[in-house]
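What follows is a set of notes on a single structure, which appears directly below.
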Amino acid sequence: MDEKTELELFIALSRILTGAEEVDEILAESYLKRLKERYKIPMLNLLTTFKKIAADKYVLFEVKRRIVDDKTLETIVPQVIRIWYTSEFTDECAKPNAGSQTEFYGGLLWKVIGAHAPTNSHLQYGDWQTPPEH
């Protein structure tokens, strides 16, 4: 059986936590690095726990039961979700840790709301008058 890398585990878990079918591998690498720098032990615990259940037939249920509902992981799970949607997370003092412009533009938030990130439009002034096409 192939042993999954830390990045592969993070990507698989991120898909489950965010509900996104696909996540960008380059962003995943950057997000994982940033989260590990700030939350070394919680990220290690999170990935270790997920590694134990990643191949489970009922992985979604197990993530809910063994990760989301786990009080010892309750501070890190929202940070993983938040970084994927907004490119930022907060530290223990609620101080934001913002990502790069590329990370901000790649946030899942923009896909969910059907809009472009501020300052990332190639449209002309007044484009807001017409609803986006899906």
Side-chain angles (χ1 to χ4, degrees):
M1 182 174 156
D2 284 338
E3 190 73 20
K4 290 193 181 261
T5 66
E6 191 174 64
L7 180 60
E8 290 170 328
L9 288 169
F10 181 69
I11 288 171
L13 178 58
S14 294
R15 285 184 185 139
I16 293 168
L17 291 176
T18 64
E21 291 181 23
E22 295 297 321
V23 295
D24 185 282
E25 188 173 333
I26 294 169
L27 288 177
E29 191 171 9
S30 177
Y31 292 162
L32 178 59
K33 179 181 180 211
R34 288 177 52 214
L35 286 166
K36 282 176 53 182
E37 285 172 357
R38 185 69 189 114
Y39 294 104
K40 184 176 182 169
I41 300 301
M43 281 302 296
L44 176 64
N45 293 340
L46 178 66
L47 294 173
T48 300
T49 302
F50 182 66
K51 184 176 184 176
K52 294 174 186 174
I53 61 173
D56 192 283
K57 181 177 177 181
Y58 302 103
V59 68
L60 186 62
F61 171 77
E62 289 301 325
V63 166
K64 168 80 169 87
R65 186 173 75 85
R66 295 175 66 181
I67 292 177
V68 174
D69 291 343
D70 184 332
K71 295 294 181 197
T72 65
L73 299 173
E74 72 182 356
T75 59
I76 193 62
V77 171
Q79 302 306 338
V80 172
I81 296 167
R82 184 174 178 166
I83 201 169
W84 276 108
Y85 278 91
T86 66
S87 81
E88 74 175 25
F89 59 89
T90 56
D91 65 16
E92 298 83 5
C93 299
K95 181 181 172 191
N97 183 313
S100 68
Q101 184 178 45
T102 301
E103 291 172 342
F104 180 69
Y105 288 169
L108 295 175
L109 171 67
W110 312 118
K111 292 176 188 156
V112 170
I113 66 172
H116 59 79
T119 74
N120 191 27
S121 174
H122 302 289
L123 301 173
Q124 298 297 315
Y125 176 78
D127 72 312
W128 44 265
Q129 296 176 16
T130 309
E133 295 179 19
H134 293 283

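Just so it is clear, the values below take in all heavy atoms, side chains as well, and ignore hydrogens, waters and symmetry mates. Along the sequence shown, the residues carry numbers beginning at 1.
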For the [atom1] atom of [X] and the [atom2] atom of [Y], what is their distance to the nearest 0.5 Å?
X: Met43; Y: Thr48; atom1: CE; atom2: OG1; answer: 10.0 Å
X: Asp24; Y: Leu108; atom1: CG; atom2: CG; answer: 9.5 Å
X: Ile41; Y: Leu46; atom1: CD1; atom2: CG; answer: 12.5 Å

Would you indicate whether the side-chain heavy atoms of [Y] and [X] approach each other to under 4.5 Å?
X: Ile11; Y: Leu32; value: no
X: Asp69; Y: Lys64; value: yes
X: Ile76; Y: Leu73; value: yes
X: Val80; Y: Leu13; value: no
X: Ile83; Y: Glu88; value: no

Using the benzene-type ring in the case of Trp, are the ring centres of Trp110 and Phe104 under 6.0 Å apart?
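For Trp110 and Phe104, the ring centres are under 6.0 Å apart.
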Between Glu37 and Arg34 (side chain of the first, backbone of the second, donor and acceptor by atom type, cut-off under 3.5 Å), is there such a pair?
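No, because the side chain of Glu37 does not come within donor-acceptor range (under 3.5 Å) of the backbone of Arg34.
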Closer than 3.5 angstrom, by distance alone: can the side chain of Arg15 be matched with the main-chain N or O of Ala20 as a donor-acceptor pair?
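Flag not set: sc Arg15 to bb Ala20 has no pair under 3.5 Å.
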Tell me, yes or no, whether the heavy-atom count around Glu74 atom CD, taken from other residues, nucleotides or ligands under 6.0 Å, exceeds 12.
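Yes, CD of Glu74 has more than 12 neighbouring heavy atoms, counting only those of other groups under 6.0 Å.
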Tell me, yes or no, whether the heavy-atom count around Ile26 atom CD1, taken from other residues, nucleotides or ligands under 6.0 Å, exceeds 12.
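Result for CD1/Ile26: open.
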Would a single hydrophobic cluster contain both [Y] and [X], if residues Ile, Leu, Val, Met, Phe, Trp and Tyr are joined by side-chain heavy-atom contacts under 4.5 Å?
X: Leu44; Y: Val77; result: no
X: Leu7; Y: Leu35; result: yes
X: Phe61; Y: Leu9; result: no

Go through it in stages, so that I can follow the logic: the residues are Thr5 and Phe10, the test is side-chain contact (heavy atoms from CB on, under 4.5 Å), and I'd like the CA-CA distance, side-chain angles, deciding distance and then a yes or no.
CA-CA 9 Å; Thr5 66; Phe10 181 69; over 6 Å; no
Could you go through residues 49-59 and list every donor-acceptor pair under 3.5 Å that involves a side-chain atom there, pairing it with any protein atom two or more places apart or in another chain?
from, atom 1, to, atom 2, distance (Å)
Thr49, OG1, Asn45, O, 2.8
Lys51, NZ, Glu3, OE2, 2.5
Asp56, OD1, Tyr58, N, 2.6

Salt bridge (Lys or Arg N to Asp or Glu O under 4.0 Å): which pairs involve residues 40-49, sequence neighbours left out?
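Qualifying pairs, neighbours excluded: none.
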Which pairs, with at least one residue in residues 22-43 and sequence neighbours excluded, count as a ring-ring contact (aromatic ring centres under 6.0 Å, His included)?
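Every ring-ring contact (aromatic ring centres under 6.0 Å, His included) pair that includes a residue of residues 22-43, provided the two are not neighbours, is Tyr31-Trp84, Tyr39-Phe89.
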State, to 0.1 Å, how close [X] and [Y] come at their nearest heavy-atom pair, and which atoms those are.
X: Ser100; Y: Ser87; answer: O-OG, 4.5 Å
X: Thr18; Y: Tyr85; answer: O-OH, 2.7 Å
X: Thr90; Y: Pro96; answer: CG2-CA, 4.2 Å

Distance-only side-chain donor-acceptor flag, Asn97 / Arg38, under 3.5 Å:
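There is no such pair (donor and acceptor under 3.5 Å, judged by atom type) between the side chains of Asn97 and Arg38.
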